[in-house]
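Notes for the one structure printed next.
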There are 2 protein chains.
Amino acid sequence: MKDFTYNGRIYYSPVELTMAFIGGTWKMPILLVLRKGKLRYGELKNNIPHITDKMLYSQLRELEKKGMIERKVYKEKPPRVDYFLTPLGKRSIKVIDTLNKFGEHLMVVNGLMVNNRKRPQN
Amino acid sequence: MKDFTYNGRIYYSPVELTMAFIGGTWKMPILLVLRKGKLRYGELKNNIPHITDKMLYSQLRELEKKGMIERKVYKEKPPRVDYFLTPLGKRSIKVIDTLNKFGEHLMVVNGLMVNNRKRPQN
DNA sequence: CTGTATCCTAAGGGATACTG
DNA sequence: CAGTATCCCTTAGGATACAG
């Protein structure tokens with residue numbers, strides 16, 4: 001048995017734990033964007049297409065709790081908040097890069113092409 | 001825009017595609033077990049603790065459709081079926097190993113210990 | 001021993017509206 | 001600008017029963 005418990009839940013393999021930290025639809029895209037360095041909320045939003053406020057905030061909070069990112073609040077107005085990677089977060093980037101590479105390979109294998117912006121069909 | 005479509009669904013990054021192939025609770029454990037070589041259904045079941053028949057079968061079917069594993073049926077009785085990795089599946093092992101390593105690191109960082117079998121508390 | 005089908009619940013995630 | 005809350009729906013995944 002290699003079971004272990006984290007936050008009251010049972011995990012059966014380290015892989016599962018990894019997915020608890022960086023899994024889901026949005027955590028990886030967020031982490032990847034933050035590799036650029038400190039970013040404030042609006043910048044994050046602009047760099048992650050299609051994400052909703054709810055998802056961005058909830059995922060930021062989770063990543064924070066798990067020690068992947070940090071938040072720095074500036075006492076200014078209008079309010080300013082920066083998000084940036086912790087050492088653990090930076091470490092995860094390498095893992096995500098691996099997943100990204102494999103994904104690109106899958107695209108080739110399956111003959112997938114990036115959606116080109118359709119020209120007006122006149 | 002780096003969007004692309006696969007099986008009628010829109011993906012926004014290669015990472016998402018990767019997760020479609022090896023994501024979920026059980027696909028990675030299954031692939032990892034198959035690194036040992038050909039295995040029949042019963043052997044798979046025995047080597048993946050806590051998995052239910054429904055999940056094992058459904059995930060095997062999905063992995064097959066995606067070209068990660070193959071099925072070989074022997075005309076015997078009782079029936080015998082072998083499952084084994086395709087080249088693509090073998091390639092995924094390296095990725096999963098990366099995730100596994102990171103998970104082990106997370107366990108250390110979070111001070112998680114493997115659940116020891118409790119001794120009878122007499 | 002291999003393989004499906006049905007029922008049901010918990011959780012992830014989208015849309016939308018609202019506040020300091 | 002940054003940050004929450006509520007409603008709702010889809011889906012992964014568990015339990016169980018059944019079939020060649």
Side-chain angles (χ1 to χ4, degrees), chain A residues 3 6-13 15-16 19-30 33-34 38-66 69-84, chain B residues 3 6-13 15-16 19-30 33-34 38-66 69-84:
Chain A
D3 307 12
Y6 174 69
N7 268 357
R9 195 197 127 180
I10 300 179
Y11 293 84
Y12 301 121
S13 74
V15 172
E16 273 189 66
M19 296 322 292
F21 273 69
I22 64 175
T25 307
W26 298 110
K27 292 204 188 70
M28 295 193 227
I30 292 172
V33 167
L34 282 175
K38 275 199 249 216
L39 289 178
R40 47 196 301 188
Y41 183 80
E43 295 172 318
L44 277 170
K45 181 104 187 263
N46 291 333
N47 280 283
I48 307 175
H50 310 101
I51 195 169
T52 62
D53 283 327
K54 175 192 172 183
M55 291 320 296
L56 183 46
Y57 275 114
S58 64
Q59 299 308 301
L60 285 173
R61 294 291 167 272
E62 279 189 37
L63 288 171
E64 208 186 338
K65 260 194 283 188
K66 298 191 156 79
I69 67 174
E70 271 182 42
R71 236 165 66 94
K72 181 173 174 76
V73 183
Y74 299 84
K75 291 292 182 184
E76 304 174 0
K77 45 184 177 178
R80 174 201 179 91
V81 181
D82 278 351
Y83 294 88
F84 55 95
Chain B
D3 307 10
Y6 173 69
N7 268 357
R9 194 197 128 179
I10 299 179
Y11 293 83
Y12 300 121
S13 74
V15 172
E16 274 190 65
M19 296 321 293
F21 274 70
I22 64 175
T25 307
W26 298 110
K27 292 204 189 69
M28 295 194 228
I30 292 172
V33 167
L34 282 175
K38 276 199 252 219
L39 288 179
R40 48 195 302 189
Y41 183 80
E43 294 173 318
L44 277 169
K45 182 102 187 265
N46 291 333
N47 280 283
I48 308 175
H50 310 100
I51 195 169
T52 63
D53 283 327
K54 176 192 171 183
M55 290 319 295
L56 184 46
Y57 275 114
S58 65
Q59 298 309 301
L60 285 173
R61 294 291 166 273
E62 278 189 39
L63 288 170
E64 208 186 339
K65 260 195 283 188
K66 298 193 157 84
I69 67 174
E70 273 182 41
R71 237 165 66 95
K72 181 172 174 78
V73 182
Y74 299 85
K75 291 292 181 185
E76 305 174 1
K77 45 184 176 177
R80 173 200 180 91
V81 181
D82 278 351
Y83 294 88
F84 55 94

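Just so it is clear: chains get the letters A, B, ... in the order the sequence lines come, proteins before strands, and each one is counted from 1.
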ask   = Within this structure, what is the OH-to-C1' distance between Y12(B) and dG14(C), rounded to whole angstrom?
value = 11 Å

message = Just to be sure I understand the rule, does K77(A) reach a base, reach only the sugar-phosphate, or reach nothing, if contact means heavy atoms closer than 4.0 Å?
response = nothing

message = If you compare every side-chain N and O of T25(B) against the phosphate oxygens of dG13(D) (OP1, OP2), does one of them come in below 4.0 Å?
response = yes

inquiry  = Rounded to whole Å, please give me the gap between NZ in K45(A) and P in dT4(D).
reply    = 15 Å

Stepwise side chain to side chain contact (heavy atoms under 4.5 Å, CB included) check, Y41(A) with L56(A) = CA-CA 9 Å; Y41(A) 183 80; L56(A) 183 46; 3.5 Å; yes

ask   = Over how many whole Å does the gap from I22(B) atom CD1 to dA12(D) atom P extend?
value = 16 Å

ask   = Between Y57(B) and dG14(D), does any side-chain N or O lie under 4.0 Å from OP1 or OP2?
value = no

task = Classify the nucleic acid contact of Y41(A) as base, sugar-phosphate or nothing, counting any heavy atom under 4.0 Å across all strands shown.
result = sugar-phosphate

request  = Select from P79(A) and K27(A) the residue whose nearest nucleotide in DNA chain C is closer to the 5' end of that strand.
outcome  = K27(A)

request  = Examine dA2(D): is either OP1 or OP2 under 4.0 Å from a nitrogen or oxygen in the side chain of R71(A)? Give yes or no.
outcome  = no

Step-by-step salt bridge (charged side-chain N to carboxylate O under 4.0 Å, His left out) determination, R40(B) to E43(B) = CA-CA 5 Å; R40(B) 48 195 302 189; E43(B) 294 173 318; 5.4 Å; no

message = Need to verify one output field. Residue with the more 5' nearest nucleotide on DNA chain D, K54(A) or V73(A)?
response = V73(A)

query = Quick one: is dA2(D) close enough that its OP1 or OP2 comes under 4.0 Å of any side-chain N or O from R80(A)?
reply = no

query = What is the nucleic acid contact for Y74(A), judged by heavy atoms within less than 4.0 Å: base, sugar-phosphate only, or nothing?
reply = nothing

query = Within a strict 4.5 Å, meaning less than it, do heavy atoms of the K66(A) and Y6(A) side chains meet?
reply = yes

key: Chi angles and distances behind the side chain to side chain contact (heavy atoms under 4.5 Å, CB included) call for I51(A), T25(A)   = CA-CA 10 Å; I51(A) 195 169; T25(A) 307; over 6 Å; no

note = Closest to the side chain of Q59(B), out of dG14(C), dT4(D), dG13(D), is dG13(D)

Rounded interatomic separation in angstrom, taking CE from M28(B) and C1' from dA12(D) = 14 Å

note = Walking DNA chain D from its 5' end, the first of D53(A) and P78(A) to be reached, judged by nearest nucleotide, is P78(A)

request  = Mind running side chain to side chain contact (heavy atoms under 4.5 Å, CB included) on R71(B) and R61(B) for me, showing each step along the way?
outcome  = CA-CA 9 Å; R71(B) 237 165 66 95; R61(B) 294 291 166 273; 3.4 Å; yes

message = Nearest whole Å is fine: how far is dT4(D) C1' from L56(A) CG?
response = 13 Å

query = Could you give the CD-to-P distance, from E62(B) to dT4(C), as a whole number of Å?
reply = 13 Å

request  = Find the distance K75(B):NZ to dT2(C):P and express it as a whole number of Å.
outcome  = 15 Å

ask   = What integer distance in Å separates M55(B):CE from dT4(C):C1'?
value = 14 Å

ask   = Any idea which of dG13(C), dC7(C), dA2(D) is nearest the R40(A) side chain?
value = dA2(D)

